[in-house]
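Inspection log for the structure reproduced underneath, given as structure tokens.
Here is how names work: the chains are called A, B, and so on, in the same order as the sequence lines, proteins then strands, and each is numbered from 1.
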Number of protein chains: 2
Amino acid sequence: MADEIPQPGHEPERPPSRRERARAATIEEIKQTALRLMREQGTTDFRFSDIARLMGMTAPALYRYFADRDELLTELIVDAYNDLGEAVAEARDQIPVDDPGGRFAAVAHSYRRWAREEPQRFALILGMPVPGYHAPEEGPTTEAARRAMAQLKSLFYEATQAGLLRRPMLADDDASIARMLAEHHEAKDLPIDGPPVAPETFQAMLHCWASLHGFTCLESYGHLDWMPGELRDAIFESSIRLIAKVAGLPEPGLLTLPGDD
Amino acid sequence: MADEIPQPGHEPERPPSRRERARAATIEEIKQTALRLMREQGTTDFRFSDIARLMGMTAPALYRYFADRDELLTELIVDAYNDLGEAVAEARDQIPVDDPGGRFAAVAHSYRRWAREEPQRFALILGMPVPGYHAPEEGPTTEAARRAMAQLKSLFYEATQAGLLRRPMLADDDASIARMLAEHHEAKDLPIDGPPVAPETFQAMLHCWASLHGFTCLESYGHLDWMPGELRDAIFESSIRLIAKVAGLPEPGLLTLPGDD
DNA sequence: TCGTGTTTGTTATGTCGAGTAACAGTTCTA
DNA sequence: TAGAACTGTTACTCGACATAACAAACACGA
């Protein structure tokens with residue numbers, strides 16, 4: 001009785017059985033249905049009973065797959081991080097490595113587009129989560145966030161390696177920042193994977209992220225709705241170029257960004 | 001029976017009666033209690049029953065003051081907008097008008113400080129609101145948001161008038177943006193009160209807001225928690241100076257920002 | 001093929017919070 | 001002081017989360 005319980009985390013790698021595939025499919029359907037509800041209702045909330053009804057089931061059946069609402073939410077958050085990270089990485093990798101300016105533009109556009117297309121999922125990961133939800137401390141969500149942010153960093157790292165990154169424009173003496181960053185690079189407690197970058201590069205990267213994220217947040221939550229879309233697009237494009245220039249990235253090659261409407 | 005219902009919105013101006021004062025005090029206590037609960041629980045959610053319990057009342061009594069949860073939330077949102085706007089305006093006005101760089105720094109610091117001190121209220125206005133809540137279209141929240149943003153604009157307007165604003169650094173040719181902005185200034189459908197500013201100034205202002213907001217959002221929702229506070233402060237300060245420089249604002253006078261920790 | 005244990009669904013039920021109804025005490029005002 | 005308005009109460013409905021107990025389908029070894 002006692003050792004029948006499988007220890008989660010290091011299951012032996014065997015081919016998934018028929019039942020396991022069915023279970024995985026159901027889990028996926030539950031998540032997709034939850035996302036559909038969020039999209040239709042425009043919130044980050046959903047009801048178990050609604051999910052069950054749309055799936056032709058009763059609500060308690062869902063508890064066979066998720067212990068509670070929080071567990072489902074956590075999975076959705078992790079998926080959203082991964083999805084955003086993948087979307088950004090894919091857009092980035094469609095631009096040649098020797099055009100880091102273009103790569104950053106692609107990252108920025110895909111970040112914005114993802115947020116516009118999935119405002120609820122965007123709110124899920126970068127807004128304040130659903131009331132009553134408490135993310136597991138240092139859990140999978142933190143891990144996924146770390147990975148997503150690494151996408152941006154690798155861009156700067158590659159640019160540095162290729163010698164395509166000018167010194168970023170910085171406000172003034174940043175000796176203290178450089179020192180603090182160096183200390184923490186040594187202590188290796190920065191959450192970004194991969195090799196280290198120069199302090200001023202790191203700072204430029206963070207500035208890029210914050211500016212990009214700020215515009216995206218404002219737009220995604222409707223705070224820029226008073227601007228016509230055409231104007232928003234133009235201002236975003238201009239802002240991104242400005243940010244890139246300030247961060248020391250070269251001018252992007254003039255090309256149509258893939259998938260940019 | 002029919003015409004007993006008072007039409008909301010144009011009540012005659014008489015001195016508040018004893019009862020009206022008591023009612024206003026109760027409404028205020030309800031709001032404060034809701035805020036206290038939000039702060040204690042770290043969410044934008046609250047339970048009517050909890051509010052009532054903390055006030056020594058029963059839950060249904062609250063419906064004498066607010067028709068439902070949404071109505072209370074709307075008031076809290078409006079209050080938050082006004083509060084943030086006031087905090088920002090106050091910080092700004094403690095710096096002389098002839099130091100627009102310093103004024104912007106003060107605005108930025110107070111914006112950030114407010115968000116850090118009241119992350120729940122910040123989420124309430126600039127994040128995705130509580131599930132199930134639907135803001136009244138073009139209602140008081142929109143109005144309050146408009147006013148709050150006008151605080152930033154007036155800073156740039158004053159700087160322009162005083163001839164202290166250099167031409168902002170822009171990415172490249174922005175003729176189309178200038179044209180679109182000019183059209184919308186003529187159409188007067190921009191949400192910002194007060195006299196118009198030049199298109200490039202407007203663009204710079206928006207860039208300032210987005211960058212400031214981005215950093216603030218990331219920090220307020222804990223996405224920068226991996227940085228020690230000292231480093232966050234330094235990077236924020238540096239970023240703000242950079243943004244100001246890029247926007248064409250002069251270097252701020254070296255002074256201790258009021259209330260800055 | 002059969003029987004047993006696991007998985008996945010069901011219905012019935014408990015709990016809790018939003019919101020309403022009916023009623024009671026208090027305060028204002030004519 | 002009587003009636004109207006206001007503000008609170010208790011009792012109740014409703015809907016959602018979550019659990020318990022049970023039933024059907026499935027997997028698999030003898």
#### Entry: Interatomic distance where CZ belongs to A/Arg64 and P belongs to D/dA18 [whole Å]
15 Å

### Query
Counting any heavy atom closer than 4.0 Å, what does A/Thr58 reach on the DNA or RNA strands: base, sugar-phosphate only, or nothing?
base

### Query
According to a strict under-4.0 Å criterion, is A/Ser49 in side-chain N/O contact with OP1 or OP2 of D/dG15?
no

### Message
Expressed as a whole number of angstroms, how long is the span from B/Ile30:CD1 to C/dA18:P?
### Response
13 Å

### Task
Please state how far atom CZ in B/Arg19 lies from atom C1' in C/dT27, giving the value in whole angstrom units.
4 Å

### Message
For a quick test of reading the model: is some side-chain N or O of B/Tyr65 closer than 4.0 Å to OP1 or OP2 of D/dC6?
### Response
no

### Query
Do A/Arg92 and A/Ser154 have side-chain N/O donor and acceptor atoms under 3.5 Å apart?
yes

### Query
What is the distance from CZ of A/Arg23 to C1' of D/dA25, rounded to the nearest Å?
16 Å

### Message
Between B/Phe48 and A/Met57, which residue's closest nucleotide on DNA chain C lies nearer the 5′ terminus?
### Response
A/Met57

### Message
Check this for me, if you would: do A/Arg103 and A/Asp93 make a salt bridge, where the nitrogen-to-carboxylate-oxygen distance has to be below 4.0 angstrom?
### Response
yes

### Query
Does a side-chain N or O from A/Ser17 land closer than 4.0 Å to OP1 or OP2 of D/dA27, or not?
no

### Task
Would you mind reading off the distance between A/Met55 atom CE and C/dT10 atom C1', rounded to a whole angstrom?
15 Å

### Task
Measure the distance from CZ on B/Arg47 to P on C/dT15 and round it to the nearest whole Å.
17 Å

#### Entry: B/Phe236 six-ring face occupied by B/Arg112 cation (under 6.0 Å, within 45°)
yes

### Query
According to a strict under-4.0 Å criterion, is A/Arg18 in side-chain N/O contact with OP1 or OP2 of D/dC26?
no

### Query
Relative to B/Phe48, does B/Arg69 satisfy both conditions: NZ or CZ under 6.0 angstrom from the six-membered ring centre, and within 45 degrees of the ring's axis?
no

#### Entry: Integer-rounded Å distance: D/dC26 C1' and A/Glu20 CD
14 Å

### Task
May I ask you to say what A/Phe66 touches in the nucleic acid, namely base, sugar-phosphate or nothing, with a heavy-atom cut-off under 4.0 Å?
nothing

#### Entry: Backbone of B/Ala115 reached by a side-chain donor or acceptor of B/Glu118 within 3.5 Å
no

### Task
Check the distance between C/dG17's C1' and B/Arg69's CZ and give it to me in whole angstrom.
10 Å

### Message
Need to verify one output field. Residue with the more 5' nearest nucleotide on DNA chain C, A/Ala22 or B/Tyr63?
### Response
A/Ala22

